[in-house]
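One structure below.
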Amino acid sequence: MLFKIERLLLETEYLSVIVVGFFLFLLVSLVITYKKRKDFIFSTPFDSIILILLYLSLFLGGPRGTQELIHQPVDKIRLVRIAVMISLISTIGVKQFVEKKITLFQFRGAIGLMTIYSVMAMLSAVYSPMPLLSLWKGFEVFTFVFIFSYFLAKITTLPQLEKFINLNWIILVSILVTVYIGAFATPERAFKQIPGALLPYQLMGVWPHINPNTLAEISAILSLVILSRLLQVNFFSKKAIAYGGMLIITLLTLILSQSRTSLFAFGLGTIVLLIFYKRPLLLFYTFLLLVVLILLPQATNIFTNYVLRGQKLEFFYSMSGRLYFWPLVWKIFKQSPLIGYGFYAGHRVGFYSIVMKRYGVGGLSTFDNTYLDVLFGIGLIGIIPFLSAIATIWKRFLFSLRDNKFPSEYQNRWETIKIEIFCVFLIIMARSFTGPSFHIFHISLPLLLVIAVSTEVMLDIIKRGSIKTQKFNESIISP
């Protein structure tokens, strides 16, 4: 009885804190911006509210153990999440029907391939150990892809794309704000203890629950976006001071969350930014700092202890134990390589049952590798469109690197969008090799879809234009 009451309070806490805090901050931000520029988001708040609700749904529910998942695949809070998603799809559908724009959905490029992937995920319910779980987890992915196909059809010009991307960054900033609200209100829950680590506590989100690794991913992305903006302004201007202050907060969050993958990806992204913006002096100082860390024993010890997080070297070199269980996952996968064991339920329930029966050990909530998760869940038939979507995004990036000379008023904005989405792609790709990411209902999923939409729109703009400035100018500002 006490457990049920505690669970109910937790669910109420999620709903109240997220809906009130998250929305108040976002809506105030949007109202202020909307007054300044009435065309901020597609000349209407409808699309921005849809996107905000979509991100909000990510945090309707907390982590659950395997036994709890088996006992109750869809609890009350997840029913709310499903209702939100169905409402979003229905609202967009009705709006398009009323406006007689039923065809205003574009399933092409990476968006089309992710649609195929999500449909296969839902169809895996036929052979899944928990059909309902596979069906609704696949439906979550499908919902995101469907709504971003709507955005892909709506965004046709560079200003629209710029506003769309900025809204996503505003949402990430809002998520970061909720983390610090939770940290100040309940520090005992926000700071997870790590025995033996250089920093004995690891920051995480409380209202809503945000895993330290996910928090580090968000912080690394925002840090690179802010650094990109900072490198474009005068270092003594008011903008530079504002960007500098925000960068300190996001970097502090990245350090406190103590996720090695995101930290190293941020370091690589910083080098990419310095090369892109042609800052040789800053690049020199960055490499000089690395040399100092290597040569000075004290600095090396501090950095090593921070990275180890209290782990022994042997365990660290095994990628925190991943190299111990990945061979077992691969061995079991080879017994059903074509279709896998059912989307999501395969690794959460199917793997648990298999290893308990054959090896007498417990299961895992994730394989800590996006591609193993996909292979184990829906096999080769699922990994093919999934990898093809990633390859398509890379292909679009390479195409955008062509020497496209836009009018001066648009050139900087074009370059900024290009480098920012590349850096975000770098972070989420790094994260995909060491944890769950854009293959399931995760913060990385909408970020991947933002990149997919952006690269498709950029390709359209380039194809509509030519080397002549005037035609490029027309391609940027009009469909």
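If you're wondering where the values come from, they're calculated on a predicted model, not measured in any experiment. Just so you know, these numbers use all the heavy atoms, side chains as well, and skip hydrogens, waters and symmetry mates.
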Hey, what's the ring geometry for Tyr201 with Phe191, parallel, tilted or perpendicular (30° and 60° as the breaks)? perpendicular
Might you point out which heavy atoms bring Phe441 and Met85 nearest each other, and give the distance in Å? CE1-CE, 2.7 Å
Show, in sequence, the C-alpha distance, side-chain angles and deciding distance for Leu123 and Ile378, and conclude whether the side chain to side chain contact (heavy atoms under 4.5 Å, CB included) test is met. CA-CA 9 Å; Leu123 290 176; Ile378 45 180; over 6 Å; no
Contact between Glu217 and Ile221 at the side-chain level, heavy atoms closer than 4.5 Å - yes or no? yes
Look at the rings of Phe433 and Tyr371 and say which category their plane angle falls in: under 30° parallel, 30 to 60° tilted, over 60° perpendicular. tilted
Do the non-hydrogen side-chain atoms of Arg279 and Phe284 ever get within less than 4.5 Å of each other? no
Should Leu256 and Leu215 count as side-chain neighbours, where that means a heavy-atom distance under 4.5 Å? no
Give the minimum heavy-atom separation between Cys423 and Leu224, together with the two atoms involved. CB-CD1, 3.8 Å
Distance (rounded to the nearest 0.5 Å) between Asn213 CG and Met204 CE: 10.5 Å
Check: Tyr127 side chain, Ile339 main-chain N or O, donor-acceptor pair, under 3.5 Å: yes
Do you know which two heavy atoms are closest between Tyr341 and Ile332, and how far apart they sit? OH-O, 2.6 Å
Is a side-chain N or O of Asn234 found less than 3.5 angstrom from the main chain of Ala240, in a donor-acceptor match? no
Evaluate Ile175 against Ile443 for side chain to side chain contact (heavy atoms under 4.5 Å, CB included), listing each step before the verdict. CA-CA 11 Å; Ile175 294 170; Ile443 191 69; 4.1 Å; yes
Parallel under 30°, tilted from 30 to 60°, perpendicular over 60°: which one fits the rings of Phe148 and Phe151? perpendicular
For the pair Trp136 (side chain) and Leu79 (backbone), establish whether a donor and an acceptor sit closer than 3.5 Å, ignoring hydrogens and angles. no
For the pair Leu172 and Leu447, evaluate side chain to side chain contact (heavy atoms under 4.5 Å, CB included) and give the outcome as yes or no after the intermediate values. CA-CA 10 Å; Leu172 293 187; Leu447 294 174; 4.1 Å; yes
Within this structure, what is the CD1-CG distance for the pair Ile194 and Leu199, rounded to the nearest 0.5 Å? 8.0 Å
To the nearest 0.5 Å, how far apart are OG in Ser454 and CD1 in Ile421? 4.5 Å
Parallel, tilted or perpendicular: which fits the ring planes of Phe425 and Trp394, with parallel below 30° and perpendicular above 60°? tilted
Find the distance between CE (Met246) and CG (Leu176) and round it off to the nearest 0.5 Å. 11.5 Å
Evaluation steps, side-chain hydrogen bond (donor to acceptor under 3.5 Å, both in side chains), between Tyr277 and Ser228: CA-CA 8 Å; Tyr277 286 114; Ser228 172; 2.8 Å; yes
Can you tell if the side chain of Phe386 reaches within under 4.5 Å of the side chain of Met114, non-hydrogen atoms only? yes
Short question: side chain of Arg322, backbone of Met319 - any donor-acceptor pair under 3.5 Å? yes
For the backbone of Ser400 and the side chain of Lys418, can you confirm whether one donor and one acceptor N or O come within less than 3.5 Å of each other? yes
Please work out which of the three classes, parallel, tilted or perpendicular, describes the rings of Tyr117 and Phe343, given edges at 30° and 60°. perpendicular
Which salt bridge (Lys or Arg N to Asp or Glu O under 4.0 Å) pairs, counting each pair once, include a residue from residues 127-142, with sequence neighbours left out? Arg81-Glu140, Lys137-Glu140
Please say whether more than 12 non-hydrogen atoms of neighbouring residues, nucleotides or ligands are located less than 6.0 Å from CD in Gln298. no
Compare every heavy atom of Gly342 with every heavy atom of Ser128, then report the nearest pair and how far apart it is. CB-CA, 3.9 Å
In the structure I gave you, are the side-chain heavy atoms of Thr392 and Glu456 within less than 4.5 Å of one another anywhere? yes
Testing the basics here: between Pro212 and Ser257, what is the closest heavy-atom pair and its distance to 0.1 Å? O-CB, 3.5 Å
So do Val179 and Ile218 actually touch side chain to side chain, heavy atoms under 4.5 Å? no
Validation: residues 267-276 side-chain donor-acceptor distances under 3.5 Å, sequence neighbours left out:
unit_1	atom_1	unit_2	atom_2	d
Thr270	OG1	Phe266	O	2.9

Working to the nearest 0.5 angstrom, can you tell me the gap between Ile419 CD1 and Gln232 CD? 10.0 Å
Is it true that atom CZ of Phe315 has more than 12 heavy atoms of other residues, nucleotides or ligands lying nearer than 6.0 Å? yes
Interatomic distance, CD1@Ile451 vs CE@Met429, rounded to 0.5 Å, equals 9.5 Å
Kindly say whether Gln258 contributes a backbone atom to a donor-acceptor pair with the side chain of Arg309 at under 3.5 angstrom? yes
Which atom pair, heavy atoms only, marks the closest approach of Asp368 to Pro436? OD1-CD, 4.0 Å
Would you say the side chain of Leu198 lies within less than 4.5 Å of the side chain of Ile302, judging by non-hydrogen atoms? yes
Going by the side-chain contact (heavy atoms from CB on, under 4.5 Å) test, name the single residue among Leu135, Val141, Thr143 that passes it with Phe139. Thr143
Trp330 vs Phe333, ring pair (Phe, Tyr, Trp, His ring centres under 6.0 Å): CA-CA, chis, key distance, verdict: CA-CA 5 Å; Trp330 185 254; Phe333 157 72; 5.0 Å; yes
Let me see the working for Leu88 and Phe146 under side chain to side chain contact (heavy atoms under 4.5 Å, CB included), right down to the final yes or no. CA-CA 10 Å; Leu88 290 176; Phe146 180 84; over 6 Å; no
Within the structure provided, determine whether Pro208 and Thr178 are in side-chain contact (heavy-atom separation under 4.5 Å). yes
